[in-house]
Amino acid sequence: MKLAKKVRTAVFPVAGLGTRFLPATKAMPKEMLPVVDRPLIQYAVDEAREAGIEHFVFVTGRNKGVIEDHFDKQVELEITLHQRKKHDMLQMLDEGLPRPGQTSFTRQQEPLGLGHAVWCARDIVGNEPFALLLPDMLMRAEPGVLSQMMESYNENGGNVIAVEEIDPEEVSSYGIVGRGDGPDEGFNITQMVEKPAKEDAPSNLIISGRYILQPEIFDLISKQSKGAGGEIQITDAMGTLMEEQKFTGVKYKGQSFDCGSKIGFLTANVVFALDRPDIAQGFQRELQSLDPSFLKGLIKDA
């Protein structure tokens, strides 16, 4: 059996405008919104690093320079922390940084869709398989979702997509796959369609923001016409690639939070705060101390 080529590079599309979070995102990238005390993009990078990724490629847009700054050393801050003997904080900052030469940044000058954002990274990725992580989708999983996908990739090769089940009534908001033979850890994908009507959906399994793709996808994207929403959809290009290459689905063990929505973002903050040993007790105590009558006044009938 031919061994799958190692996946060394991950692409992070971070050029979006974040209009659903205005005015907070007027000057700050949505990818820098914090869940507890770490920005969304940091969670995605940490997940990729855990999975063995060595090169982190960010597809940015205008006013996104703070993302590049976040993954750089802050000399003045480090000097101050050192003088104050905050060695634990220094170590935390150092652990969050990719090593020198491991990051690359390129621009998506126009908001033409996810497929176009991925295509903008073509010359950096080169003729290699790569991972694609959407930072809006925050994953709570052990091991991380991309690590789970790597296990399937190392066994099956080809292309791998993370999926999860949703309410069938909501399929028209997502990319949907058709399920073929195989276990949850790695089944054959038979079909892909972007935002289908409920009656046209092949399943209720959504593409949930994590991919491992072969480099042939770049040429297909370059020829891809605009799809749903008037954008260049990567799902359409993957559907074409599926005619020639294998696609495997991984129904991962874990939970996702759509932090591109206010509800998902707020829920993630509560869950991740309660997950943190250093603040969980205090946070839970504060929640329990809230006056029930006050909460009753805030909570309206659904």
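All values below were derived from every heavy atom in this structure, side-chain atoms included, with hydrogens, water molecules and symmetry-related copies excluded.
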**Student:** Run the side-chain contact (heavy atoms from CB on, under 4.5 Å) check on Met149 and Val145 step by step: do they pass?
**Tutor:** CA-CA 6 Å; Met149 295 169 66; Val145 172; 4.0 Å; yes

**Student:** Applying the side chain to side chain donor-acceptor pair (under 3.5 Å) criterion to Tyr252, which one of Arg210, Glu164, Gln148 satisfies it?
**Tutor:** Glu164

**Student:** Among Glu216, Gln214, Gln245, which residue satisfies the side chain to side chain donor-acceptor pair (under 3.5 Å) criterion with Asn159?
**Tutor:** Gln245

**Student:** May I ask you to decide if the ring planes of Tyr43 and Phe272 are parallel, tilted or perpendicular, using 30° and 60° as cut-offs?
**Tutor:** perpendicular

**Student:** Taking distance alone, no hydrogens or angles, what donor-acceptor pairs closer than 3.5 Å link side-chain atoms of residues 120-130 to residues at least two apart or in another chain?
**Tutor:**
residue	atom	partner	partner atom	Å
Arg122	NH1	Trp119	O	3.1
Glu128	OE2	Lys5	NZ	3.4

**Student:** Where is the tightest heavy-atom contact between Leu133 and Ala10, given as atom of each residue plus distance?
**Tutor:** CD1-CB, 3.8 Å

**Student:** Output yes when a side-chain donor or acceptor of Lys30 lies under 3.5 Å from a complementary backbone atom of Phe21, and no otherwise.
**Tutor:** no

**Student:** For Ile41 and Pro135, which heavy atoms make the closest approach, and how far apart are they?
**Tutor:** CD1-CG, 3.6 Å

**Student:** Is there a donor-acceptor pair closer than 3.5 Å between any side-chain N or O of Gln102 and the backbone N or O of Arg99?
**Tutor:** yes

**Student:** Is the NZ or CZ atom of Arg140 both under 6.0 Å from the centre of the six-membered ring of Phe257 and within 45° of that ring's axis?
**Tutor:**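 The answer is no; the distance or angle limit is not met.
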
**Student:** Are the side chain of Ser203 and the backbone of Arg179 linked by a donor-acceptor contact shorter than 3.5 Å?
**Tutor:**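 Not at all, since once roles are kept as given, no pair shorter than 3.5 Å links the two residues.
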
**Student:** Checking one residue: Val75. Which other hydrophobic residues are in its cluster under the side-chain 4.5 Å linking rule?
**Tutor:** Ile79

**Student:** Test your reading of the model: is there a side-chain donor-acceptor pair from Gln42 to the backbone of Gly96, 3.5 Å cut-off?
**Tutor:**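 Confirmed, Gln42 side chain pairs with Gly96 backbone.
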
**Student:** Could you walk me through whether Glu78 and Gln74 pass the side-chain hydrogen bond (donor to acceptor under 3.5 Å, both in side chains) check?
**Tutor:** CA-CA 6 Å; Glu78 292 177 11; Gln74 297 289 340; over 6 Å; no

**Student:** According to the interplanar angle, ranging from 0 to 90°, do the rings of Phe56 and Phe12 count as parallel (below 30°), tilted (30 to 60°) or perpendicular (above 60°)?
**Tutor:** parallel

